[in-house]
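Convention: sequence-line order gives letters A, B, ...; per-chain numbering from 1.
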Amino acid sequence: MSPAPKDISEFLSQVVPFDALAQDLVGRLAGLLTIRYFRAGDRIAAFDPPGQSALFIVRKGAVELLDANGDSLEHRGEGELFGHRIVFDPPVERYSVRAVEDCLIWELGREHVERLIAEHDAMSRFLAARPAARLATGDGTTGGDALAHLGLRPPVTTGPERSIGDCARLMAQHRISCLPVVSDDRLVGIVTDRDLRNRVLARNLPADTDVGQIMTPDPSPVRDSAPASEAVVEMMRLGVHHLPVLDAGDRLVAVVSSGDLMQLQAPDPLRLVRDIARAEDADAVAHLARRGPALLAGLARAGTGVTEVGRMASRITDACTGRLLELAERDLGEAPMAWTWLSFGSQARLEQGLVSDQDNGLLLADEPDDGAEDYFRSMAEFVCTGLDACGYVFCPGGVMAQGEWRMSRRAWRKRFDDWMREPEPKSVMHCSIFFDMRAVRGDSRMAESLHREVLEQARESDIFRRFLAAESMTHRPPLGLFRQFVQERGGERSKGLNLKKRGVIPIVDLARVHALEGALGAVHSEDRIRAAGEAGLISSGDADDLIHALRFIGGVRLRHQARQMEHGHKPDNLVDPDELSSLHRRYLRSAFSIVTSAQRALAQHYML
Amino acid sequence: MNAAFLHPLRYWRWQRARRRLGGNWPSAALPVEAAPLLAIDLEMTGLDPVRDEIISIGWVPINAGAIDLGGAQDHRLARSERDTVGDSATIHGLRDCDLADAKSPDVALRALIAALDGRVAVFHHAPLDLAFLQRALASSLRTAWPVPVIDTLAWHRRRMRMSGTEHAHGNASTLEAACRRLGLVARSQHDALADALSCAELALALARLGHARLIEVAQPPRSGFHSVRSQGSAAFGPGGIQP
């Protein structure tokens with residue numbers, strides 16, 4: 001092994017995705033590079049298709065990526081890559097690269113790139129699986145391998161007319177616990193071991209019954225292009241252990257089981273959710289839930305994206321809440337009326353961090369009498385106390401079902417009405433999280449209809465939305481970010497950077513304002529921004545930028561917290577700029593500038 | 001004129017080296033910088049080739065216009081008896097190179113000769129480094145310097161003179177300053193390998209501005225400088241990389 005000058009490996013270790021590799025590996029890779037020089041205007045290379053050749057790194061200067069017509073797609077500068085598949089908007093099949101300044105370009109040969117992809121998740125995510133735009137990949141996490149790359153076997157299938165006896169023999173023969181039912185090349189249903197037990201044996205159905213009569217029709221599928229982590233989230237959401245996988249042409253290509261996914265990523269959030277759902281009592285729930293943050297931190301360190309981790313964290317909280325509600329009902333008996341357990345804020349948006357407070361409420365079908373009031377107070381106290389023991393500490397602002405936030409649907413409606421009809425800055429500040437609302441357990445339609453009414457009213461309440469927009473401006477990204485300090489407005493400098501307040505919340509608030517403006521039903525911030533783009537409230541380019549900025553800032557925050565947990569500290573949101581690589585600082589600066597310009601546009605729109 | 005070349009054996013070795021080089025020489029029609037190059041840098045204890053010594057040698061090959069870090073090498077040389085163990089080595093039989101982590105100069109120089117095979121050497125300020133190397137080669141391996149040489153310092157100065165920017169920027173011809181002026185990585189490490197790499201990068205950049213001239217080292221009569229002209233270069237043209 002030849003030695004490379006130290007500055008080569010130092011630079012390489014700052015380049016995403018090489019920053020995720022071990023130091024000694026980066027050192028070895030540095031010794032494999034070749035260096036070329038190009039003058040401004042030189043054509044450097046053409047990639048048709050990309051991802052099939054060596055990988056290139058801009059060491060000095062800048063290059064321009066061009067489409068087939070020679071139109072500029074984007075510029076890339078020092079520390080940035082080309083040669084791999086890059087997502088452009090609109091997408092292009094091939095691109096060529098030209099020097100726009102005199103350049104030193106590093107090249108890592110194809111054979112080395114292929115080995116890295118095969119051996120290192122961080123590289124395969126970045127280069128092979130789901131190429132995403134610069135910021136999206138800048139956070140180094142795009143959510144794991146696509147299902148298509150897991151090497152799942154083609155499934156054993158049956159037609160709907162086959163008898164269940166034959167199906168059972170087929171399943172025994174192939175040792176499978178799940179059999180997809182296919183008709184005319186289309187998936188029409190699915191049958192599992194459990195169905196044979198619950199729907200056949202338990203009901204004394206004869207063995208010659210058509211499988212079509214007992215199958216679960218139209219099961220929710222996942223796309224083979226989806227990352228494995230998305231399949232995990234979907235299984236957690238549906239409470240199932242098998243998902244049919246369809247390709248782009250809607251053909252069944254595999255059935256992925258929770259077992260397949262567990263092999264991919266242990267320790268496994270699916271298993272945790274399942275164990276929580278079976279926990280004996282509140283103590284057991286708390287005991288299991290306390291493993292959640294470490295498990296999620298492990299996934300974050302292994303490269304799972306902030307979006308997926310947020311969803312998993314929220315699903316774990318949902319599982320705890322759901323199990324505690326079941327335990328409460330077991331003790332208290334049947335409820336005197338229909339109810340819905342609501343979550344607010346980040347849990348509702350499926351954007352929870354590694355640790356989180358609880359924000360919840362109870363929505364009741366009618367005005368409770370004394371007996372019902374006792375029942376639901378006991379239920380709320382049991383669940384809120386249980387959640388506190390799980391690590392979801394009592395909400396400092398008191399937004400909890402055990403406090404005042406336990407009301408009839410009419411009373412909830414009146415609260416929202418009051419906020420929107422006579423808004424004042426203070427009340428707007430406190431009420432905004434209630435607009436991020438999701439039913440966790442109970443009658444979800446009741447929550448949905450309330451949410452819809454509230455959204456419609458918010459769309460009509462210009463003044464309220466103007467207050468909300470003004471409130472969203474109170475958190476602003478910093479003006480600049482340097483190794484030693486954070487540049488604040490008014491020339492001040494501060495040492496630390498609160499990524500939640502200065503980066504995540506401004507985007508979440510923006511997304512909420514747009515959701516209310518367009519009466520968009522989505523609660524997840526990314527979905528809200530995307531929906532706002534589709535509804536024409538913001539340009540689709542701005543929507544993409546904001547989503548990437550949110551993922552990037554959220555990703556930096558998540559990995560900061562995961563690192564703190566690894567060292568036994570309590571996770572916080574305060575990042576010292578010095579702990580970021582220069583490249584991450586640069587990406588953060590551009591993410592902040594996206595937020596700032598979006599805030600400026602909002603201020604203009606509401607004439608603030 | 002170097003006295004070493006008056007010795008028939010040395011002259012024969014020089015001719016042999018040229019013949020060997022000739023076998024791998026791309027074509028007389030190509031510019032010298034299109035040949036396989038080896039950028040070399042030395043770290044010395046001082047500037048006097050007679051009194052001072054080489055501490056380390058680093059080199060990086062350039063093939064067809066691309067620096068190949070896979071061929072980079074870095075050697076630390078053991079100091080001679082003069083400065084350290086001195087005459088005592090004759091008594092206890094231990095030399096510095098046996099004591100320190102460094103290699104005997106022979107090992108490093110043999111590796112350098114092997115790396116130079118079929119290449120043109122590139123130095124920044126070649127006369128100084130060459131003077132040290134010639135002395136070391138003569139005393140350790142009893143051999144002459146084997147290959148032609150390009151000097152990036154002279155090359156860069158010539159470029160500045162031709163573009164009329166010499167005076168405006170003063171005597172900005174140190175390796176670091178030259179690299180900075182051409183927008184390259186400006187290393188100030190004084191590490192033989194890092195400086196060899198800077199020298200290689202400088203050669204790549206200069207090759208795009210104009211052809212190099214060969215210094216025929218301590219070479220018999222004809223002329224001290226020799227330029228190989230051509231009509232364009234396959235290796236350095238704007239043809240780009242074919243992925």
Side-chain angles (χ1 to χ4, degrees), chain A residues 1-12 27-56 58-63 78 82-84 94-99 101-110 112-113, chain B residues 33 37 39 41 56-76 111 115 152 176 179-210 235-243:
Chain A
M1 182 43 61
S2 60
K6 250 197 275 357
D7 66 291
I8 302 272
S9 49
E10 275 169 13
F11 188 85
L12 190 62
R28 284 204 300 281
L29 290 172
L32 297 171
L33 296 170
T34 56
I35 305 174
R36 284 169 205 269
Y37 178 80
F38 295 92
R39 295 211 71 193
D42 285 357
R43 178 178 161 285
I44 297 175
F47 301 100
D48 182 16
Q52 303 295 318
S53 64
L55 195 61
F56 300 87
V58 181
R59 173 62 185 90
K60 270 281 183 182
V63 300
E78 268 172 47
F82 58 90
H84 58 307
R94 61 187 80 96
Y95 62 90
S96 59
V97 179
R98 189 170 65 192
E101 294 170 13
D102 296 348
C103 290
L104 281 173
I105 304 288
W106 291 357
E107 175 181 345
L108 185 64
R110 180 67 195 153
H112 307 305
V113 177
Chain B
E33 72 275 5
L37 307 177
D41 188 76
S56 65
I57 311 178
W59 62 82
V60 193
I62 305 176
N63 303 319
I67 298 169
D68 178 12
L69 288 178
Q73 289 192 37
D74 195 9
H75 294 267
R76 221 165 296 275
T152 50
E176 192 188 340
C179 286
R180 180 171 292 119
R181 286 210 53 206
L182 289 175
L184 303 168
V185 183
R187 299 177 179 83
S188 53
Q189 287 162 319
H190 283 291
D191 166 272
L193 180 60
D195 286 346
L197 178 60
S198 289
C199 176
E201 290 176 349
L202 183 59
L204 290 190
L206 287 170
R208 289 303 306 279
L209 297 172
F236 284 94
I241 301 157
Q242 286 308 316

Please report the interatomic distance [atom1]([X]) to [atom2]([Y]), rounded to the nearest 0.5 Å.
X        : Y       : atom1 : atom2 : result
B/Leu209 : A/Arg39 : CG    : CZ    : 5.0 Å
B/Leu184 : A/Tyr37 : CG    : OH    : 6.0 Å
A/Thr34  : B/Ile67 : OG1   : CD1   : 9.0 Å

ask   = For the candidates A/Val97, A/Asp7, A/Asp102, which exhibits the highest count of non-hydrogen atom pairs separated by less than 4.5 Å from chain B?
value =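 Among the listed options, the one with the most contacts to chain B is A/Asp7.
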
message = Holding to salt bridge (charged side-chain N to carboxylate O under 4.0 Å, His left out), I want the full list of residues that pass it with A/Arg98, two or more places apart in sequence or in another chain.
response =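 Per chain and number, A/Arg98 pairs via salt bridge (charged side-chain N to carboxylate O under 4.0 Å, His left out) with A/Glu64.
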
Side-chain atoms of residues 197-205 of chain B: list all donor-acceptor pairs with protein atoms under 3.5 Å, sequence neighbours left out, distances to 0.1 Å.
unit_1, atom_1, unit_2, atom_2, d
B/Ser198, OG, B/Arg187, NH1, 3.0
B/Ser198, OG, B/Ala194, O, 3.4
B/Glu201, OE1, B/Arg187, NH1, 3.1
B/Glu201, OE2, B/Arg187, NH2, 3.4

Side chain, backbone, both or neither: which part of [X] has an atom under 4.5 Å from a heavy atom of chain B?
X        : answer
A/Arg110 : neither
A/Ala30  : backbone
A/Leu33  : both

ask   = Hey, are B/Arg208 and A/Asp42 close enough for a salt bridge, meaning a charged N less than 4.0 Å from a carboxylate O?
value = yes

query = Of all of B/Val60, B/Leu182, B/Val185, which one pairs up most often with chain A through heavy atoms under 4.5 Å apart?
reply =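 Most heavy-atom pairs within the cutoff with chain A belong to B/Val185.
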
ask   = Which atom pair, heavy atoms only, marks the closest approach of B/Gly183 to A/Lys60?
value =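 That would be O-CD, 3.5 Å.
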
request  = Specify the closest pair of heavy atoms between A/Pro5 and B/Leu69, including all atoms of both residues, with the distance to one decimal.
outcome  =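 Minimum heavy-atom separation between A/Pro5 and B/Leu69: CD-CD2, 4.5 Å.
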
key: Part of B/Asp191 within contact of chain A (heavy atom distance under 4.5 Å)   = neither

